Amino acid sequence: MEFIDLKSQYEALRPKIGARIQSVLDHGNYIMGPEVEELEAKLASYTGARHCITVASGTEALLIALMAIGIKPGDEVITTSFSFIATAEVIVLLGATPVFVDIEPDTCNIDASLIEQSISERTRAIIPVSLYGQPADMDEINAIADRYGIPVIEDGAQSFGAVYKGRKSCNLSTIGCTSFFPSKPLGCYGDGGAIFTNDAQLALAMRELRIHGQSKRYVHTRVGVGGRMDTIQCAIVLAKLERFDWEVQRRQELGSYYSGALSDYMEVMQVRPDRTSVFAQYTVAVEDRQSVQSMLREKGIPTAVHYPVPIPLQAAYAQSCLMEQWPVAIEMSQKVMSLPIGPYMDEGDVAFISDALLATRRRPLVPAFKTTLHA
Ligand SMILES: *Cc1c(COP(=O)(O)O)cnc(C)c1O
C-alpha cells in the first residue's frame with residue numbers, strides 16, 4: 001500500500017493523458033500554448049470565479065497574489081500557525097511579517113475568533129488555509145477583513161473541489177490559490193498551480209506578474225517573476241479534470257467511511273455541516289503517535305504527519321513571541337497523523353486500515369521486551 005496512489009489514477013486515465021500530451025508535442029507550443037487558456041477557462045467555470053490564471057506552482061500562486069495586492073517590507077500578513085511552510089514563506093520573501101494565529105483543535109484550520117486581536121495598523125492581508133481539504137470559516141474571516149478594508153487570500157492548495165455554503169473553494173474571497181503538485185487532489189505530473197479572483201484589475205496584475213511583469217512583449221510595467229505553468233502540465237490537468245468530480249465523490253465517501261469507523265474511538269478531524277472536504281488528507285489525532293505509526297507500518301500501512309512543527313516554531317520563522325500563543329497548534333503538531341486516502345482505494349482498504357488503527361488502541365502500549373522481562 002502506498003500513502004498516495006498515483007499509479008491507479010494514471011492507469012484509469014492513461015489514453016486520455018497520453019493523447020493530451022501527444023497533441024502538445026504535435027503543436028509544439030510548450031509555453032503558453034492553447035491548453036493554458038483552455039484549462040484556465042475550465043477551472044474558472046468549475047469554481048465560478050471570473051478569472052483564473054495558471055502559474056508555476058501553488059507557492060508561486062501565493063507569491064503572485066501577495067505581489068498583486070502590493071505587499072511590501074514592513075507590512076503584516078495574518079495567517080495560520082499550522083500549514084505547509086509555503087503559506088508563510090511567501091510573506092517573508094516579500095519582506096513582510098507573518099502574524100501567526102492559533103488553530104481550532106477539531107479541524108486544524110485557523111481559529112477565526114482569534115484573528116481580530118491580531119490586526120494592527122500594518123495588517124495588509126489575511127491568508128487562511130483550507131487545511132486537509134476543508135475551507136476555514138471564510139464568512140467570518142471575510143467579515144473581519146471587510147471591516148478593516150483588507151483582502152483575504154485563501155490558500156486552497158489542498159481544497160480544490162471543496163464546497164463552502166454552496167460556493168467552491170478558491171472562489172470564497174478576494175483571491176484563491178491552489179496547487180497541482182502531483183499528490184494534491186487535482187494534480188499534474190510536475191509543478192503547477194492556479195489563482196482565482198473576481199477582480200478584473202487584480203487578474204490583470206497577476207497575469208502580468210506571472211510573466212516578468214510584462215504587459216506586452218518586452219514592455220515591463222511591473223517587476224514580476226517567471227511564474228508560468230507549462231503547456232504539458234496544463235494538458236495533463238485537462239485530462240484529469242474529466243474524472244475529477246467522481247474522484248472528489250469517492251474521496252468524500254471514503255472519508256465518511258473512515259469517520260464512521262473511527263470517530264467513536266478517537267479524535268478525527270471534523271467536517272463542518274455547511275461545507276465539504278475533499279480529503280487531501282484523512283487526519284486523526286493520537287497521543288502516542290510514534291508507536292501507532294510503527295504498529296501500522298508493521299502491517300504495511302504508511303502514514304504521514306501534516307505537520308510535525310507549527311510554522312512559528314520553525315528555526316527560520318522563530319519569533320520573539322511566546323510559545324503560549326499557539327497552544328493548540330503545538331498540541332496538534334504532536335498528535336496529528338494522516339492515513340492513506342484516495343479515489344482508487346475502496347471501502348475494504350479503509351476497513352483494513354481502520355481496524356489496524358483501532359487494534360493499536362486496544363493493545364497495551366508496553367514495548368514487547370519489557371513484557372518478557374517481567375515474565
Ligand atoms: C502544497 C501546498 C502549498 C504549495 O504548493 P506547491 O505547488 O507545492 O508550491 C501551499 N500551501 C499549502 C497549504 C499546501 O498544501
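First listed ligand is number 1; within each ligand, the first listed atom is number 1. In this text, all values refer to a predicted model and were calculated from it rather than measured experimentally.
Close approach of ligand 1 to Ser57 (heavy-atom distance below 4.0 Å) involves ligand atoms 7 (O), 9 (O). Distances below 4.0 Å separate heavy atoms of Ala157 from the following atoms of ligand 1: 2 (C), 3 (C), 10 (C), 11 (N), 12 (C), 14 (C), 15 (O). With ligand atoms numbered from 1 in the order given, ligand 1 contributes 5 (O), 6 (P), 7 (O), 9 (O) to contacts under 4.0 Å with heavy atoms of Gly58. Shown in contact with Gln158 at under 4.0 Å from a heavy atom are these atoms of ligand 1, numbered in order with element: 13 (C), 14 (C), 15 (O). Counting the atoms of ligand 1 from 1 in the order shown, those under 4.0 Å from a heavy atom of Ser179 are 5 (O), 6 (P), 7 (O).
Ring to ring, Phe244 and Tyr46 are close: their centroids are under 6.0 angstrom apart. For Trp326 and Tyr317, the gap between ring centers reaches or exceeds 6.0 Å.
Lys7 and Glu2 are joined by a salt bridge, as a carboxylate oxygen and a charged side-chain nitrogen come within less than 4.0 angstrom of each other. Salt bridge status for Glu116 with Arg147: present, with a side-chain N to carboxylate O gap under 4.0 Å.
Regarding atom 10 (C) of ligand 1, its nearest protein heavy-atom neighbour is Asp155 OD2, 3.6 Å. Closest protein heavy atom to atom 8 (O) of ligand 1: Phe181 CD1, 3.8 Å. Considering only non-hydrogen protein atoms, atom 9 (O) of ligand 1 sits nearest to Thr59 OG1, 2.5 Å.
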**OP:** Before giving the answer on salt bridge (Lys or Arg N to Asp or Glu O under 4.0 Å), spell out for Arg250 and Asp245 the whole-Å C-alpha distance, their side-chain angles and the decisive distance to 0.1 Å.
**Re:** CA-CA 9 Å; Arg250 282 304 290 154; Asp245 281 335; over 6 Å; no

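The aromatic rings of Tyr282 and Tyr258 lie parallel to each other, with less than 30° between the two planes, well short of the 60° mark.
A donor-acceptor pair shorter than 3.5 Å cannot be found between the side chains of Gln158 and Ser130.
Put simply, part of Lys184 is less than 4.0 Å from ligand 1, judged by heavy atoms.
Contact annotation: for Thr87 versus ligand 1, heavy atoms closer than 4.0 Å belong to the side chain alone.
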